[in-house]
J.: 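Could you have a look at this structure, given as structure tokens, before my questions?
The figures that follow rest on heavy atoms only: side chains count, while hydrogens, waters and symmetry mates do not. Just so you know, residue 1 is the first one in the sequence shown, and it goes up from there.
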Amino acid sequence: MKIAFVGKGGSGKTTLSSLFVRHLAAHRAPVVAVDADINQHLGVALGLGEAEAAALPAMGAHLPLIKEYLRGTNPRIASTETMIKTTPPGEGSRLLRITEDNPVHDACARRVRLDGGEVRLMVTGPFTEADLGVACYHSKVGAVELYLNHLVDGRGEFVVVDMTAGSDSFASGMFTRFDTTFLVAEPTRKGVAVYRQYKEYARDWGVSLRVIGNKVRGRDDLDFLRAETGDDLLVTVGDSDWVRAMERGRPRPFSELEDGVREALHAMYEAADASYESRDPERYTRQMVHFHLKNAESWGNARTGVDLAAQVDPSFVLGEERAPTPQPA
């Protein structure tokens, strides 16, 4: 299952995505956690030290390796130089599994031990000094989009992506890559503004959007969020001493997390799991192709010097029946 966390900057998006990752790990679910935010804080939220988190390998730095591996023997892709962030898989492409060891995971993922289990963590990487003034952050996020486009995941397996803040994720087609999108909203006008924008942009794309109210302190906050988000409001979370201790660098065992927060995480898990029944591999593949053709026409053909529409395999549908054999960990 592919899960995105989005929301306004400062809404608690990274905190809640890290709590959800911990919840999944505590229940021994296979998890790949991806920090795709320009502010790279997910590693620290999962308990890494600042220096350890900063040393994580950046997916963007390994883009040539990612392309070479995913290309496989696909005859429609002449070379890795003609692959862009939206290049879809076809016959001969290598596909990925959450639970397997492969060159992409070996290069880009690091295992993080939590007191409830273990997860693989990948990061897009922060802006570097060389990027300033000349690069767009979405060029780094492109590695995540390629990863998701070639991923075959089943029920009970999770990729959790901490996305860029606000509605920036609509700068690519990655917003359509998820089974469930959790939008974290504070009970304020600014807090729900991103929700309204996201809801409008996602309206025609079949995006499963659920709102997680954060920093909710009473009935007025709850009533405000219900009035603004309606049935999209799934659950709310209030103040947490456990979270405060974690943010101060004094982590407690996950077993000491407050019951109210734990119940909210379980409700999120139930919503994510239920979305499995609505999966539509043909729509997923069709949307992938749509954004690839759009990017090809907009800039990809000019940059690569080839007609990228030829990369589309019209008979290929990305579904679980194409799952590669998982390799032992």
Side-chain angles (χ1 to χ4, degrees), residues 1-7 10-37 39-57 98-99 105 108-123 153 155-163 180 182-186 210-218 221 234-273 329:
M1 307 297 291
K2 295 178 282 290
I3 312 298
F5 278 80
V6 300
S11 64
K13 172 177 61 68
T14 298
T15 296
L16 279 167
S17 61
S18 70
L19 288 173
F20 189 63
V21 167
R22 288 176 182 269
H23 178 79
L24 295 173
H27 289 81
R28 300 298 191 269
V31 183
V32 172
V34 182
D35 193 343
D37 194 353
N39 299 307
Q40 302 267 282
H41 298 314
L42 184 58
V44 173
L46 289 173
L48 299 183
E50 294 283 354
E52 191 177 8
L56 290 169
I98 289 172
T99 55
H105 286 157
C108 303
R110 292 296 177 265
R111 295 182 184 273
V112 177
R113 294 189 180 277
L114 305 171
D115 51 5
E118 183 181 78
V119 303
R120 277 187 167 113
L121 173 62
M122 299 198 296
V123 302
D153 56 303
R155 194 167 202 166
E157 302 174 329
F158 292 86
V159 172
V160 180
V161 182
D162 184 16
M163 298 281 281
T180 299
F182 289 129
L183 189 146
V184 181
E186 299 169 86
R210 305 305 305 270
V211 175
I212 311 301
N214 194 28
K215 306 176 186 178
V216 174
R217 297 181 177 177
D221 287 348
L234 174 66
V235 73
T236 62
V237 177
D239 293 332
S240 167
D241 291 338
W242 191 97
V243 169
R244 183 62 59 83
M246 178 192 70
E247 291 175 341
R248 290 175 173 172
R250 303 169 185 172
R252 301 174 183 174
F254 190 64
S255 59
E256 295 180 9
L257 184 68
E258 293 89 346
D259 289 342
V261 182
R262 194 177 302 278
E263 291 167 4
L265 294 173
H266 181 69
M268 293 161 63
Y269 170 83
E270 292 288 320
D273 182 68

J.: Give me the atom names and distance for the closest heavy-atom approach of Ile98 to His105.
T.: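 The answer is O-CE1, 3.7 Å.
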
J.: Looking only at atom types and distance, does a side-chain atom of Glu258 sit under 3.5 Å from a main-chain N or O of Asp241, one as donor and one as acceptor?
T.: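 It does hold such a pair.
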
J.: Does Arg113 CZ have over 12 foreign heavy atoms under 6.0 Å away?
T.: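 No, CZ of Arg113 has 12 or fewer neighbouring heavy atoms, counting only those of other groups under 6.0 Å.
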
J.: Enter the distance from Met268:CE to Leu19:CG here, rounded to the nearest 0.5 Å.
T.: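 The CE atom of Met268 sits 8.0 Å away from the CG atom of Leu19.
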
J.: Restricting to side-chain hydrogen bond (donor to acceptor under 3.5 Å, both in side chains), what partner residues turn up for Arg262, sequence neighbours left out?
T.: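 With neighbours one apart ignored, the set is empty.
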
J.: So, Asp239 side chain and Arg217 main chain: donor-acceptor pair closer than 3.5 Å or not?
T.: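 Looks like no, no N/O pair under 3.5 Å.
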
J.: For Phe254 and Trp242, take the angle between the two ring planes, folded into 0 to 90°, and tell me which bin it lands in: parallel under 30, tilted 30 to 60, perpendicular over 60.
T.: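 Phe254 and Trp242: perpendicular rings.
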
J.: Can you find a pair of side-chain heavy atoms, one from Ser11 and one from Asn214, that are under 4.5 Å apart?
T.: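 With C-beta onward as the side chain, the pair stays apart.
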
J.: Starting from the C-alpha separation in whole Å, work towards a yes-or-no answer on side chain to side chain contact (heavy atoms under 4.5 Å, CB included) for Leu24 and Phe20.
T.: CA-CA 6 Å; Leu24 295 173; Phe20 189 63; 3.7 Å; yes

J.: Atom OG of Ser240 and atom CE of Met246: how far apart are they, to the nearest 0.5 Å?
T.: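 One gets 8.0 Å once the value is rounded to the nearest 0.5 Å.
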
J.: Mind checking whether Met1 and Glu157 have side chains closer than 4.5 Å, heavy atoms only?
T.: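 Contact flag for Met1/Glu157 side chains = no.
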
J.: Quick check: do Arg110 and Leu48 have side-chain heavy atoms less than 4.5 Å from each other?
T.: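 Result no, sub-4.5 Å side-chain heavy-atom pair not found.
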
J.: For residues Cys108 and Pro57, report the shortest heavy-atom separation together with the two atoms involved.
T.: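 Closest approach of Cys108 to Pro57, heavy atoms only: O-CG, 3.7 Å.
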
J.: Drop me the distance from Leu46's CG to Ser17's OG, to the nearest 0.5 angstrom.
T.: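 Reported value, rounded in 0.5 Å steps: 7.5 Å.
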
J.: In the structure I gave you, are the side-chain heavy atoms of Thr15 and Val243 within less than 4.5 Å of one another anywhere?
T.: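 Of all side-chain heavy-atom pairs linking Val243 with Thr15, at least one is under 4.5 Å.
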
J.: Are any of the side-chain heavy atoms of Leu42 and Leu121 separated by less than 4.5 Å?
T.: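 Side chain of Leu42 against side chain of Leu121, heavy atoms only: contact under 4.5 Å found.
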
J.: Indicate the atoms forming the closest heavy-atom contact of Arg22 with Ala45, along with that distance.
T.: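 Where Arg22 meets Ala45 most closely, the heavy atoms are NH2-O, 3.3 Å.
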
J.: On a heavy-atom basis, which atom in Ala53 and which in Val44 lie closest, and how many Å separate them?
T.: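 Taking Ala53 first and Val44 second, the nearest heavy atoms are CB-CG2, 3.9 Å.
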
J.: Parallel, tilted or perpendicular: which one describes the rings of His23 and His266, with boundaries at 30° and 60°?
T.: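 Perpendicular.
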
J.: Looking only at heavy atoms, what is the nearest atom pair of Val119 and Ala25, with distance?
T.: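 Looking at all heavy atoms of both residues, the closest pair is CG1-CB, 3.8 Å.
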
J.: Dump the intermediate steps for side chain to side chain contact (heavy atoms under 4.5 Å, CB included) on Lys13 and Asp37, then the final yes or no.
T.: CA-CA 10 Å; Lys13 172 177 61 68; Asp37 194 353; 3.1 Å; yes

J.: Should the pair Phe5 and Phe182 be assigned to parallel (<30°), tilted (30 to 60°) or perpendicular (>60°) ring geometry?
T.: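 Rings of Phe5 and Phe182: tilted, as their planes differ by 30° to 60°.
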
J.: Is a donor from one side chain sitting under 3.5 angstrom from an acceptor on the other, for Asp162 and Thr14?
T.: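 Thr14 and Asp162 do have a side-chain donor-acceptor pair below 3.5 Å.
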
J.: Within a reach of under 6.0 Å around CD of Glu50, are more than 12 heavy atoms found that belong to other residues, nucleotides or ligands?
T.: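 Result for CD/Glu50: open.
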
J.: Enter the distance from Leu183:CG to Leu16:CG here, rounded to the nearest 0.5 Å.
T.: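 So the gap between those two atoms works out to 11.0 Å.
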
J.: When rounded to the nearest 0.5 angstrom, what distance separates CZ in Arg28 from CD in Glu118?
T.: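 The distance works out to 10.5 Å.
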
J.: Rounded to the nearest 0.5 Å, how far apart are CG of Leu257 and CG of Leu265?
T.: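 So the CG of Leu257 and the CG of Leu265 are separated by 6.5 Å.
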
J.: Identify the two heavy atoms, one from Leu234 and one from Ala267, that lie closest to each other, and give their separation to 0.1 Å.
T.: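 Of all heavy-atom pairs spanning Leu234 and Ala267, the closest is CD2-O, 3.9 Å.
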
